[in-house]
Number of protein chains: 2
Amino acid sequence: MFGYNTISIDQKHRFSIPAKYRADFLKTNETELVVTKDPQYPSLKVYKGSEWKNISSKLQSLQGLDPIVRNLQWTILGNASVTDLDPSGRMLVLLPEELRNYAELDNDNKFLFIGMGNKFEIWNTDNWNLRQTGGTLATEILDVVLPISIKEMSF
Amino acid sequence: MFGYNTISIDQKHRFSIPAKYRADFLKTNETELVVTKDPQYPSLKVYKGSEWKNISSKLQSLQGLDPIVRNLQWTILGNASVTDLDPSGRMLVLLPEELRNYAELDNDNKFLFIGMGNKFEIWNTDNWNLRQTGGTLATEILDVVLPISIKEMSF
DNA sequence: ACAGAATCCGGCTTACAGACCAACTCATTT
DNA sequence: AAATGAGTTGGTCTGTAAGCCGGATTCTGT
């Protein structure tokens with residue numbers, strides 16, 4: 001569940017989870033996977049079903065009157081796309097248009113699928129390179145003043 | 001797990017773990033090894049699987065909206081390359097292009113593989129010499145303001 | 001309600017990266 | 001100088017990714 005992979009989306013907006021990660025899904029009997037928006041950067045996050053359960057339930061329980069909390073809930077919960085994995089065959093994931101646009105993924109282009117341990121991130125290659133070399137992306141969210149309840153969370 | 005070795009990478013981008021360290025892997029029943037970027041200098045770090053588990057799980061649990069934390073997670077977790085060791089044969093490790101570029105390793109050149117006790121470092125020879133004599137590398141990262149949670153960690 | 005169109009999904013095929021295995025060279029030791 | 005062990009190289013073969021294609025399902029407009 002670590003590391004750097006370049007993969008591509010086909011004309012039907014599908015991509016496959018790299019084979020080296022499949023064992024990790026199978027051995028914990030994970031049958032589903034959730035893709036959603038990253039609240040700070042133009043990228044997507046991919047969680048295993050069990051991880052998603054933790055994160056989403058924590059996020060739901062945060063106090064709902066704080067505007068920042070509500071923004072996070074909208075972004076993360078409201079855009080979640082649940083996919084069932086086919087454990088025997090290739091693990092194909094269909095990306096909804098809203099998410100493709102958000103992460104600026106053009107069809108038939110290469111993009112990055114990056115393993116971060118308990119989750120994956122999906123990035124447009126140019127955005128990733130820019131961000132890694134210290135650049136600032138037009139769409140990123142800076143200096144968010146976070147309520148204490150969120151500061152204790154790891155997404 | 002200490003000391004200074006010259007190694008080389010072949011045209012298939014492989015290098016072999018110096019024989020004197022192999023016993024250390026075998027006797028603790030380590031079956032895997034992880035190579036990743038050093039967040040400060042243009043060099044690579046090599047961890048035994050058990051060491052990597054500690055470091056990566058600590059890093060994952062840090063607060064996920066802090067931009068500095070995310071930078072570290074991207075660099076260290078996102079570029080990790082996990083290799084399964086074949087205990088019977090020679091221990092060959094494949095270095096992905098991203099990591100070779102980062103540490104400025106050209107094919108068919110000699111590099112340094114330096115044992116630091118619980119980890120190894122891989123350096124381009126010129127960069128290492130420059131750094132050891134007090135020089136500053138173009139790509140190194142200075143004066144990063146780190147959140148307290150990170151200051152307590154050792155990578 | 002129906003026909004045509006667009007979208008979705010699985011199977012099949014091919015090219016290629018990476019794993020595996022084996023051999024060769026060089027250095028060191030006896 | 002022979003033998004052993006280490007590092008390095010090379011060939012082969014398997015498994016994976018990704019393109020292609022056809023069938024199924026859903027959507028749309030009439």
Side-chain angles (χ1 to χ4, degrees), chain A residues 1-27 31-33 35 46 81-101 105-115 120 122-123 125, chain B residues 1-26 30-36 46 49 79-101 105-115 120 122 125:
Chain A
M1 305 276 289
F2 294 100
Y4 183 99
N5 312 81
T6 58
I7 50 183
S8 59
I9 308 183
D10 63 17
Q11 299 99 333
K12 296 165 182 173
H13 317 305
R14 302 178 294 183
F15 69 93
S16 61
I17 305 289
K20 57 182 165 184
Y21 303 124
R22 281 178 205 163
D24 284 296
F25 283 91
L26 297 180
K27 81 169 170 229
T31 63
E32 63 179 30
L33 172 151
V35 189
V46 181
S81 164
V82 182
T83 308
D84 260 320
L85 294 173
D86 176 4
S88 56
R90 59 180 170 179
M91 292 180 169
L92 280 178
V93 179
L94 185 69
L95 280 180
E97 189 184 10
E98 175 68 18
L99 295 181
R100 295 200 309 273
N101 291 341
L105 307 178
D106 300 321
N107 296 336
D108 302 325
N109 252 337
K110 298 281 173 193
F111 65 93
L112 299 178
F113 187 80
I114 297 174
F120 299 95
I122 292 177
W123 282 78
T125 309
Chain B
M1 305 274 289
F2 292 100
Y4 190 96
N5 314 272
T6 334
I7 56 163
S8 63
I9 301 177
D10 62 23
Q11 289 116 334
K12 288 176 162 184
H13 315 123
R14 303 173 293 183
F15 71 93
S16 62
I17 303 289
K20 55 182 164 181
Y21 302 123
R22 284 180 202 160
D24 284 300
F25 284 90
L26 297 179
E30 301 278 343
T31 62
E32 61 181 30
L33 171 153
V34 179
V35 190
T36 191
V46 181
N79 287 289
S81 167
V82 181
T83 306
D84 261 320
L85 293 174
D86 177 5
S88 57
R90 317 219 181 300
M91 291 182 176
L92 280 180
V93 179
L94 184 72
L95 277 181
E97 187 185 11
E98 177 67 21
L99 295 181
R100 297 198 310 273
N101 291 342
L105 309 179
D106 300 318
N107 295 337
D108 302 323
N109 259 330
K110 298 286 175 192
F111 308 104
L112 298 178
F113 187 82
I114 300 166
F120 299 95
I122 295 177
T125 310

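Just so it is clear, the structure is predicted and the values come from calculations on it, not from any experiment. Lettering of chains follows the sequences in order, A, B, ..., and the numbering in each one begins at 1.
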Practice item. Check the distance between dG5(D)'s P and Arg22(B)'s CZ and give it to me in whole angstrom. Key: 13 Å

Check your understanding: Is a donor-acceptor contact shorter than 3.5 angstrom present between the side chain of Lys12(B) and the base of dG11(D)?
Key -> yes

Review point. Does Phe2(B) offer a backbone N or O that forms a donor-acceptor pair with the side chain of Tyr21(B) under 3.5 Å?
Key: yes

Practice item. Look at Ser8(B) and dG7(D) and indicate whether a side-chain polar atom (N or O) is within less than 4.0 Å of OP1 or OP2. Key: no

Exercise for review: Just jot down the side-chain contact (heavy atoms from CB on, under 4.5 Å) partners of Val34(B), sequence neighbours excluded, or say none.
Suggested key: Trp52(B), Ala80(B), Val82(B)

Review point. Which atom names give the shortest non-hydrogen contact between Arg100(A) and Leu95(A), and what distance separates them?
Key: NH1-O, 2.7 Å

**Study point:** Rounded interatomic separation in angstrom, taking CE from Met91(B) and P from dA19(C)
**Key:** 15 Å

Exercise for review: Would you please confirm or rule out a distance under 4.0 Å between OP1 or OP2 of dT8(D) and any side-chain N or O of Gln11(B)?
Suggested key: no

Check your understanding: Taking atom P of dT7(C) as reference, at what distance in whole Å does atom CG of Leu95(A) sit?
Key -> 16 Å

Check your understanding: Among all residues two or more places apart in sequence or in another chain, which pass the side-chain hydrogen bond (donor to acceptor under 3.5 Å, both in side chains) test with Lys20(B)?
Key -> Asn5(B)

Review point. Which distance, rounded to the nearest 0.5 Å, do you find between the CG of Leu105(B) and the CZ of Phe111(B)?
Key: 4.5 Å

**Study point:** Donor-acceptor pair (no angle test) under 3.5 Å: Arg14(B) side chain, dG18(C) base
**Key:** no

Study note, to complete from the structure: From CD1 of Ile9(B) across to P of dG7(D) the rounded distance in Å is 15 Å

Check your understanding: Please give, in whole Å, the distance from dA19(C) C1' to Lys20(A) NZ?
Key -> 14 Å

Study note, to complete from the structure: In whole angstroms, the gap separating P of dA17(C) from NZ of Lys110(A) amounts to 11 Å

Practice item. Find the distance Leu85(B):CG to dA19(C):P and express it as a whole number of Å. Key: 12 Å

Review point. How are the rings of Phe113(B) and Phe120(B) set to each other: parallel, tilted or perpendicular (split at 30° and 60°)?
Key: parallel

Point to revise | Closest-nucleotide 5' rank along DNA chain D - winner of Pro18(A) and Phe15(B) | key: Phe15(B)

Practice item. State, to the nearest 10°, the angle formed by the axis through the first five base pairs of the helix from dC9(C)-dG22(D) to dT30(C)-dA1(D) and the axis through its last five. Key: 10°

Revision key, fill the gap. Correct closest heavy-atom pair for Ser81(B) and Leu99(B) would be CB-CD1, 4.2 Å

Check your understanding: Just how far, in rounded Å, is P of dT8(D) from CD1 of Ile7(B)?
Key -> 8 Å

